[in-house]
Participant: 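Before anything else, here's the structure in question.
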Amino acid sequence: MDDRTGLRIVPDTARPPVNRYGNRPTMKDVAARAGVGLKTVSRVVNGEPGVTPDTERRVQEAIDALGFRRNDSARVLRKGRTASIGLVLEDLADPFYGPLSRAVEEVARSHGALLINGSSAEDPDREQELVLALCARRVDGLVVIPAGDDHRYLEPELRAGVATVFVDRPAGRIDADVVLSDSFGGARDGVAHLIAHGHRRVGFIGDMPRIHTAAERLRGYRAAMEEAGIPVEDPWMSLGVTDPERVRRAAEEMLSGPDPVTAIFAGNNRVTVTVVRVLARHSRPVALVGFDDFELADLLRPGVTVVAQDAAALGRTAADRLFRQLDGTLLAPERVQLPTRLITRGSGELPPAV
């Protein structure tokens, strides 16, 4: 019919229905378009022999035309695997976790598995919620950087066969595989390096003391000072959140007063970056060693001396162990500790200011 403007109006009932999201094409659709049986399509899709080149070409053309994708969910469920693993990080924005996550993903990919990751934001409740959500989606395994210290909530999943490896920090109150860096030894070496360059008033700024790595690095700091016969004074130590404002206040307090520290050992990369900013405005040179390397540390003047851990090796080792669990080649849980290395760039070699 026509309206008063002379335009022809097509009734809604005359328009072909448009399903914006549509149903995904199936193997039955491919078979119908190619004029072959379902078994033939299945053989082509799964790369099995028994199909002539001409038939394979017709099936592939039908697949391309329809936009068909194999339903891996149904396929892997028949095998009892979902071909996916979960990775629970502390903070996706932390540059330390970039190479770790990439290494886990590369190992997963080599095993034909998909990686699903998320962050706990250092919240134990959020960690548990995320881990159990991944388990509910039937991931085959988990790589977890734990935020909490009680992982008994995972016991039913472990009994059900969910392979699990903890990274950077051990699990709490359960026996599980863990891959971590030598936080104690690395911190001890870094502080000993400052002492070897003449420093006796060395400050330590670290993360929250309930975190395993923070506690181990504090222990390494104390050990180095004790081995050098240097009594540690309470004002020289500060642990807490790595919020820049908290770290800035801690550094400024250590650098003020009648007997300020002459050197600072920073407990992680976020602490180190804030301390670098504080020292840039400070009137006298202060030596600095940080735990964890960070981008552009070598371009500062002086370059920042760091205790470096290999984040990619942590991720790769953890993922390798995870797939060995899935393959049944690992029996008892183990603790794997990777070494750190001291990288000297100038800031840790400054002598005490006169």
Side-chain angles (χ1 to χ4, degrees), residues 10-88 101-118 130-144 156-165 312 315-331:
V10 180
D12 286 344
T13 55
R15 292 176 180 155
V18 177
N19 184 347
R20 194 173 161 201
Y21 298 102
N23 293 322
R24 292 183 178 181
T26 65
M27 283 203 293
K28 186 181 291 187
D29 298 323
V30 173
R33 186 178 182 96
V36 299
L38 275 173
K39 183 60 179 176
T40 300
V41 175
S42 177
R43 284 175 175 158
V44 173
V45 167
N46 293 300
E48 297 173 0
V51 182
T52 66
D54 182 63
T55 301
E56 183 178 356
R57 177 186 55 77
R58 293 202 332 266
V59 171
Q60 193 58 56
E61 286 175 352
I63 288 171
D64 294 341
L66 294 171
F68 170 80
R69 295 292 181 271
R70 185 175 66 186
N71 184 351
D72 278 339
S73 295
R75 179 171 174 265
V76 297
L77 283 173
R78 286 196 298 271
K79 296 183 176 183
R81 290 272 191 94
T82 58
S84 62
I85 64 170
L87 171 62
V88 179
S101 177
R102 178 64 181 270
V104 173
E105 183 177 25
E106 288 301 317
V107 174
R109 185 168 178 244
S110 72
H111 287 267
L114 177 71
L115 179 67
I116 307 168
N117 62 29
L130 181 56
V131 166
L132 294 180
L134 290 167
C135 290
R137 283 159 178 75
R138 296 174 62 88
V139 294
D140 298 317
L142 294 163
V143 175
V144 181
E157 310 301 333
L158 296 174
R159 287 195 296 269
V162 178
T164 305
V165 178
R316 185 166 52 252
T317 304
D320 283 339
R321 292 192 69 81
L322 187 77
F323 282 97
R324 287 175 63 192
Q325 283 186 30
L326 290 169
D327 293 340
T329 56
L330 283 182
L331 299 177

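Positions are given from 1 along the sequence.
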Participant: Ignoring hydrogens, what is the shortest heavy-atom contact between A103 and G315? Give both atom names and the distance.
Facilitator: CB-C, 4.1 Å
Participant: Under the 3.5 angstrom rule, does the side chain of D29 hit a backbone N or O of T26 as a donor-acceptor pair?
Facilitator: yes
Participant: Start with the C-alpha distance between R57 and D54, add both sets of side-chain angles, then the distance that settles salt bridge (charged side-chain N to carboxylate O under 4.0 Å, His left out), and finish with yes or no.
Facilitator: CA-CA 5 Å; R57 177 186 55 77; D54 182 63; 2.5 Å; yes
Participant: Indicate whether any N or O donor in one side chain lies under 3.5 Å from an N or O acceptor in the other, for D320 and T317.
Facilitator: no
Participant: Report the residues that fulfil side-chain contact (heavy atoms from CB on, under 4.5 Å) with L38, sequence neighbours left out, ordered by chain and then residue number.
Facilitator: M27, K28, A31
Participant: State whether the side chain of D140 and the backbone N or O of A83 hold a donor-acceptor pair below 3.5 Å, judged by distance alone.
Facilitator: yes
Participant: Mind checking whether V44 and T55 have side chains closer than 4.5 Å, heavy atoms only?
Facilitator: no
Participant: Closest approach of R321 and L330, non-hydrogen atoms and distance?
Facilitator: O-CD1, 3.4 Å
Participant: Test S42 against every option in T40, N46, V45 by the side-chain contact (heavy atoms from CB on, under 4.5 Å) rule and name the one that passes.
Facilitator: N46
Participant: Name all residues meeting the side-chain hydrogen bond (donor to acceptor under 3.5 Å, both in side chains) criterion together with T329; count only those two or more places apart in sequence or in a different chain, and write none if there are none.
Facilitator: none
Participant: Going by heavy atoms in the side chains, are C135 and L142 under 4.5 Å from each other?
Facilitator: yes
Participant: Side chains of residues 105-117: which donor-acceptor partners sit under 3.5 Å, not counting sequence neighbours?
Facilitator:
| from | atom 1 | to | atom 2 | distance (Å) |
| --- | --- | --- | --- | --- |
| E106 | OE2 | R102 | NE | 3.1 |
| S110 | OG | V107 | O | 2.6 |

Participant: Return the minimal non-hydrogen interatomic distance between R138 and S84, and the atom names on each side.
Facilitator: O-OG, 4.5 Å
Participant: Is L322 close to V143 at the side-chain level, that is, under 4.5 Å between some pair of heavy atoms?
Facilitator: yes
Participant: Write down the atom of V51, the atom of E56, and the distance for their closest heavy-atom approach.
Facilitator: CG1-N, 3.6 Å
